[in-house]
Amino acid sequence: MILEANEDNIQKAAKLIQSGEIVSFPTETVYGLGGNALNENAVKKIFELKQRPSNNPLIVHVSDFSEISTVAEIPSPGKARDRLFKLSSFWPGPLTIILKKDPSVSNLISANLDTIGIRIPNHPFALALIKSAKCPIVAPSANPSNSLSPTSAAHVHDAFGDKLKMVIDGGNCKYGLESTVVNILEDDVVIYRPGAITKEEIEKCLDEKVKVLDEANGGKNKPSPGLLEKHYSPKTKLLFSENCNFDDLEKYEKIGRIRFKTFNDDDVFQNYPFILDISLSDKGNFEEIARNLFAALHSADNHDLDLILIDSCKEEGLGAAIMNRLKRAIQ
Ligand code: TXA
Ligand code: MG
């Protein structure tokens with residue numbers, strides 16, 4: 001059931017979470033599927049609902065820095081501790097920091113790793129929910145494993161229907177892409193998943209170079225399966241427009257187009273009569289592209305198309321996160 005985000009419904013959602021139920025709530029990145037991190041049955045339910053492999057760990061959401069020590073170790077004085085305190089300036093916000101897990105936390109959450117991802121979301125309803133439930137909340141994106149992430153309450157409802165007791169509707173998500181996941185524990189700082197907080201911003205904040213997972217280990221020894229496999233995929237075949245020519249298009253009947261900007265003189269397909277034609281941004285603004293990306297893919301999926309042609313962009317700043325999601329959707 002989709003319910004408006006008001007004080008009453010947040011209290012109801014908090015009660016459901018306390019009793020071990022799962023509710024979906026908005027964050028500034030994407031909608032989450034939330035459950036009490038201290039209740040193993042709730043954690044199990046999330047894995048079942050999402051059909052998520054048990055070796056893919058969940059992020060724990062707290063509402064304040066002081067709550068971190070209930071689920072993770074604050075590193076002792078040294079590099080990791082300095083980095084944690086510096087990066088906490090992005091909280092509340094779209095950043096997940098990998099820390100050593102507190103032994104009391106269920107191994108289901110961490111998928112048997114000795115680390116845990118922590119995030120303080122920057123959304124009034126998400127924060128109010130965590131505070132009212134009085135427990136840390138595990139929340140993966142509210143989509144079946146590997147499919148498109150939800151950026152509206154309707155996306156969540158379409159995916160889970162009555163299997164979910166409650167979806168709190170907070171409108172469309174501000175960023176539209178999942179949080180940046182960063183490991184600060186090793187010699188090198190490594191971005192496991194690019195997101196709204198960019199590599200450039202993290203480097204500036206830490207005053208050191210950071211690596212991105214692919215660069216860091218050539219894609220091997222991935223720390224968690226959710227990070228590199230095919231993921232975020234629409235049901236419809238998706239291709240980058242730059243990799244296609246007119247002959248390729250002849251193989252398909254119903255073709256949709258997702259543009260990064262409305263008019264692009266370099267686009268050979270600018271005037272092609274696509275059945276569905278969506279511009280994510282008038283002028284190719286990365287924030288707008290990110291915000292509208294998953295909604296456009298959801299919409300294209302609902303049009304019974306044979307192919308979606310999508311633009312690509314430079315992998316710089318937020319462009320790195322946009323291309324990370326698209327490359328993994330196309331893989
Ligand atoms: O923006 C977000 O982070 C959203 C909202 C709801 O907060 N949540 C989200 O969760 O995207 P999820 O489960 O869909 O993605 C979490 C990612 C997965 O790729 C997982 O592999 C990685 O974070 N992850 C979680 N804990 C980890 C750990 N201890 N080590 C390495 N990767 C981890
Ligand atoms: Mg996800």
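One is the number of the first residue; the rest follow in order along the sequence. Counting starts at 1 for both ligands and their atoms, in listed order.
The residue Lys100 has no part lying near ligand 1, judged by heavy-atom distances below 4.0 Å. Only the side chain of Ile98 comes within 4.0 Å of ligand 1, counting heavy atoms alone; its backbone N, CA, C and O stay farther away.
Taking only nitrogen or oxygen atoms, main chain and side chain alike, Thr27 does not reach within less than 3.5 Å of ligand 1. Every N/O-N/O distance between Tyr31 and ligand 1 stays at or above 3.5 Å. Checked by distance only, ligand 1 and Tyr192 stay at 3.5 Å or farther apart across all their nitrogen or oxygen atoms. Between Arg193 and ligand 1, an N or O atom pair is found at a separation short of 3.5 Å.
A donor-acceptor distance shorter than 3.5 angstrom exists from the side chain of Ser106 to the backbone of Leu108, with no hydrogens or angles considered. Within the 3.5 Å criterion, the main-chain N or O of Asn245 finds a donor-acceptor partner in the side chain of Asp248. A donor-acceptor pair is defined here as one N or O able to donate and one able to accept, closer than 3.5 Å; such a pair exists between the side chain of Asn292 and the backbone of Glu288. Between the side chain of Arg81 and the backbone N or O of Pro75 there is at least one donor-acceptor pair closer than 3.5 Å. Under a 3.5 Å cut-off, the side chain of Asp188 and the backbone N or O of Val190 do not form any donor-acceptor pair. Remark: side-chain polar atoms of Asp306 are not paired, donor with acceptor, to backbone N or O of Ile255 under 3.5 angstrom. In this structure, Gln51 contributes its side chain and Pro144 its backbone to no donor-acceptor pair below 3.5 Å. At distances below 3.5 Å, at least one donor-acceptor pair connects side-chain atoms of Arg52 with backbone N or O atoms of Asn56. Under a 3.5 Å cut-off, the side chain of Ser279 and the backbone N or O of Asp282 do not form any donor-acceptor pair. A donor-acceptor contact shorter than 3.5 Å is absent between the side chain of Lys163 and the backbone of Leu49.
Numbered from 1 in the order shown, with element, the atoms of ligand 1 that lie under 4.0 Å from a heavy atom of Leu113 read 28 (C), 29 (N), 30 (N). Short contacts between ligand 1 and Ala139, defined as distances under 4.0 Å to a heavy atom of the residue, involve ligand atoms 6 (C), 8 (N), 10 (O). For ligand 1, the atoms closer than 4.0 angstrom to any heavy atom of Thr29 are 1 (O), 2 (C), 4 (C), 5 (C). Heavy-atom contacts of His61 reach the following atoms of ligand 1: 5 (C), 7 (O) (cutoff under 4.0 Å). Listed by number with element, the atoms of ligand 1 under 4.0 Å from a non-hydrogen atom of Asn56 are 18 (C), 20 (C), 21 (O). Ligand-side atoms of ligand 1 in range of Ser179: 1 (O), 2 (C), 3 (O), range being under 4.0 angstrom from any heavy atom.
Between Pro53, Ser24, Ser141, Ala72, it is Ser141 that holds the heavy atom closest to atom 9 (C) of ligand 1. Closest to atom 29 (N) of ligand 1 by heavy atom, among Thr115, Leu33, Ile137, Leu213, is Thr115. Considering Pro121, Pro26, Pro57 only, the shortest heavy-atom separation from atom 27 (C) of ligand 1 involves Pro57.
In this structure, SG on Cys313 lies 4.0 Å from CZ on Phe286, to the nearest 0.5 angstrom.
In this structure, Pro94 does not count as a contact residue of ligand 1, since none of its heavy atoms falls inside 4.0 Å of the ligand.
Inclusion of Ser145 in the first shell of the Mg ion (ligand 2) is not supported: no N, O or S atom falls under 2.8 Å.
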